[in-house]
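Okay, structure first, notes after.
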Amino acid sequence: MLPRFKNYLIILLAFATAATGTIAWRQTQRLHAVVQSNLLEASARPARKPVVASPVDRSIPEKIVAKPAGDPTATSDDTAAASPARPQRNNRPNFIALMANPEFAKAWNIERRAQLDSRYASLFK
């Protein structure tokens, strides 16, 4: 390969690397801005109370479902088949509210540092 061709190739790769780095940096800045705006919106909203699961009353048969008010032809079996019970999706505690607690934040930081130390201890040796 000619030395002149190698030089052009190196220059092209350097520009491509610089352009890719710039794009990555801009995307990171935009991501941080979105995260900060979401955190500000979340802190402005009142914190939700944690949802506590209530015990299920097994004495009521599962097929008994109230008829919708707008549909007089619907039977209890049709309604039960149309809307099966969904599991709760938002059962995690609000992390922002947890981090507002200084004791939790301190414990979280200690745990994260311990994970970093255990992961990279051999690297720093």
Side-chain angles (χ1 to χ4, degrees):
M1 195 183 308
L2 298 173
R4 186 172 167 184
F5 182 70
K6 281 185 189 178
N7 290 340
Y8 287 135
L9 186 60
I10 290 172
I11 291 170
L12 177 68
L13 290 175
F15 280 122
T17 303
T20 304
T22 303
I23 292 170
W25 178 73
R26 286 180 141 188
Q27 291 295 323
T28 303
Q29 294 298 321
R30 292 172 85 186
L31 177 66
H32 286 298
V34 168
V35 168
Q36 288 299 322
S37 68
N38 285 343
L39 289 177
L40 291 175
E41 289 174 6
S43 65
R45 282 185 253 136
R48 289 189 205 172
K49 292 182 181 179
V51 177
V52 179
S54 61
V56 178
D57 186 8
R58 299 286 180 191
S59 63
I60 300 173
E62 292 181 15
K63 289 189 176 183
I64 297 176
V65 177
K67 292 182 183 181
D71 188 11
T73 61
T75 63
S76 62
D77 293 334
D78 294 338
T79 309
S83 60
R86 291 185 186 174
Q88 281 186 328
R89 291 185 184 177
N90 191 12
N91 57 359
R92 295 182 298 178
N94 189 354
F95 186 71
I96 296 171
L98 286 174
M99 288 303 284
N101 182 353
E103 293 175 4
F104 179 82
K106 185 177 178 182
W108 176 262
N109 287 334
I110 290 171
E111 179 186 358
R112 297 301 292 174
R113 285 184 184 159
Q115 288 177 354
L116 283 173
D117 288 344
S118 67
R119 181 175 294 156
Y120 298 111
S122 61
L123 177 67
F124 290 116
K125 264 186 178 177

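Along the sequence shown, the residues carry numbers beginning at 1.
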Task: Inter-residue atom distance Asn101.CG - Glu103.CD, 0.5 Å rounding - done: 5.5 Å
Open item on the list: I'd like to know whether CD of Glu111 has more than 12 heavy-atom contacts from other residues, nucleotides or ligands below 6.0 angstrom.
Closed with: yes
- [ ] Quick one: name the residues clustered hydrophobically with Phe15, using the 4.5 Å side-chain heavy-atom rule over I, L, V, M, F, W, Y, and just say none if it's on its own.
- [x] Ile11
Task: For Val35, all residues meeting side chain to side chain contact (heavy atoms under 4.5 Å, CB included), sequence neighbours excluded - done: Leu31, Leu39
Open item on the list: Once rounded to the nearest 0.5 Å, what's the spacing between atom CD1 of Ile10 and atom CZ of Phe5?
Closed with: 11.0 Å
- [ ] Could you grab the distance from atom CG of Leu12 to atom CG of Asn7, nearest 0.5 Å is fine?
- [x] 12.5 Å
Do any side-chain atoms of residues 20-29 form donor-acceptor pairs under 3.5 angstrom with protein atoms, and if so which ones, sequence neighbours left out?
unit_1 : atom_1 : unit_2 : atom_2 : d
Thr20  : OG1    : Ala16  : O      : 2.8
Thr22  : OG1    : Ala18  : O      : 2.8
Thr28  : OG1    : Ala24  : O      : 2.8

Open item on the list: Listing request: all ring-ring contact (aromatic ring centres under 6.0 Å, His included) pairs with a residue in residues 97-123, at least two apart in sequence or in separate chains.
Closed with: Phe95-Trp108
Task: side chain to side chain donor-acceptor pair (under 3.5 Å) partners of Arg112, counting only residues at least two apart - done: Gln115
